[in-house]
Amino acid sequence: MSTCKVGVCDRDLDYSKAFMEYVNSDTSIGFQVVIFSEINNIRNYLESRSLDLIITDDTSQCERKGSEIFLTGVKVMEMSDIDSLNRGGRGNAINQSYIYRYQPVSEICKQIKRNLTAAVESVRNISDFICVYSPIGRCGKTRLAMTLAGIDEVRGGLYVGMENFSDKLEALSTNIIYPLKMNRPDLEEVIKQQIYAERGVYMSQMSGTYLDANDVERSEIEKLKYLLLKSGSFTTICFDIGSAALGDMSILDLFDRIYMPVLRDPVSVRKIEVFMKLLSDTGHQGVLDKLTVVDVPDSEEFSTEMIRTVYRLTNGDEDG
């Protein structure tokens with residue numbers, strides 16, 4: 001999935017927040033939104049990070065080149081209270097740089113997508129919601145998941161541990177699954193509070209043990225997916241799922257891509273065959289279609305060899 005990043009700076013912050021939530025909760029739109037309260041904040045942001053397009057109602061610091069507008073080299077579309085189609089004598093060319101605030105959001109998204117050039121869209125090939133799962137153990141699953149989340153170069157990735165057993169004792173009591181199953185009214189805030197940084201990777205624990213994770217329902221993972229994407233904080237969200245952690249295999253179908261590490265010894269090969277036949281016999285063709293088999297190198301996460309493997313995966317160069 002190609003994911004571009006659009007910065008939005010508007011005097012109506014509530015409007016910006018609502019627009020961000022609409023876009024970032026729908027991965028099919030093809031871009032994600034970061035909001036800013038002031039145009040100077042965008043300038044500061046661009047000193048160390050990148051945007052593919054800027055939308056703002058404040059063009060005072062922008063540079064005009066013919067019918068187009070730029071801020072520090074990034075194309076700008078002006079958010080306007082006036083419908084550009086009715087701006088007498090302006091002509092069609094200038095309409096490409098204007099967005100009429102009060103048109104349907106779906107139309108605004110279409111206009112934005114037309115302005116995201118093919119050259120920019122080809123730069124990034126990042127799945128928003130992915131997982132690493134394998135029916136066999138000791139195959140490099142966690143090392144692969146950590147690297148997939150950790151080398152995201154857009155806004156960073158989030159690693160979500162859903163293993164058979166966490167390696168952290170505190171995960172038995174501090175995790176996402178309990179507030180998720182309780183449907184707490186402050187669930188969104190609780191999820192944010194339980195994200196932490198470790199070894200340069202943003203991480204969270206779905207559960208401490210497969211005994212809890214095995215009880216999670218598809219609708220609950222759908223809600224979690226919505227809330228994680230809604231924030232727009234991460235471009236890549238990668239679940240590390242243990243072989244016994246899923247009671248409902250259809251949960252795998254919620255992910256954009258499923259990376260399945262394998263081993264090539266005879267016993268492991270037979271186990272993979274049994275797993276694939278199970279999916280086929282139980283009608284999970286959608287899961288089978290999303291599976292990508294991976295031979296994980298025998299090296300640590302973020303090693304040169306592991307990064308090379310992830311690069312091949314995310315750029316479509318790995319056989320499925």
Could you grab the distance from atom CG of Leu229 to atom OG of Ser25, nearest 0.5 Å is fine?
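These two atoms lie 8.0 Å from each other.
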Mark yes or no for whether [X], through its side chain, and [Y], through its backbone, hold a donor-acceptor pair below 3.5 Å.
X: Ser268; Y: Arg264; value: no
X: Asp186; Y: Glu189; value: no
X: Arg143; Y: Pro297; value: yes
X: Lys225; Y: Leu254; value: yes
X: Asn164; Y: Ala244; value: yes
X: Asn214; Y: Tyr210; value: no

Are Ser204 and Ile191 packed together at the side-chain level, in the sense that at least one heavy-atom pair is separated by less than 4.5 angstrom?
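Counting from C-beta outward, Ser204 and Ile191 never come under 4.5 Å.
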Please tell me if the side chains of Asp52 and Val74 come closer than 4.5 Å, counting only heavy atoms from C-beta onward.
no
Taking salt bridge (charged side-chain N to carboxylate O under 4.0 Å, His left out) as the definition, give me every residue that meets it alongside Lys17, ordered by chain and number, with sequence neighbours left out.
none
Considering residues at least two apart in sequence or located in another chain, which fulfil the salt bridge (charged side-chain N to carboxylate O under 4.0 Å, His left out) criterion with Arg11?
Asp57, Asp81
For [X], what residues pass the side chain to side chain donor-acceptor pair (under 3.5 Å) criterion, not counting sequence neighbours?
X: Asp289; answer: Gln285
X: Glu220; answer: Lys181
X: Lys290; answer: Asp253
X: Arg199; answer: Glu301

Do you reckon Leu227 sits in the same ILVMFWY cluster as Met162, going by side-chain contacts under 4.5 Å, direct or chained?
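Yes: a chain of side-chain contacts under 4.5 Å links Leu227 to Met162.
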Would you please indicate if the ring centroids of Phe239 and Phe129 are separated by under 6.0 Å?
yes
Between Tyr202 and Tyr159, does the ring centroid distance fall short of 6.0 Å?
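No: the rings miss the under 6.0 Å criterion.
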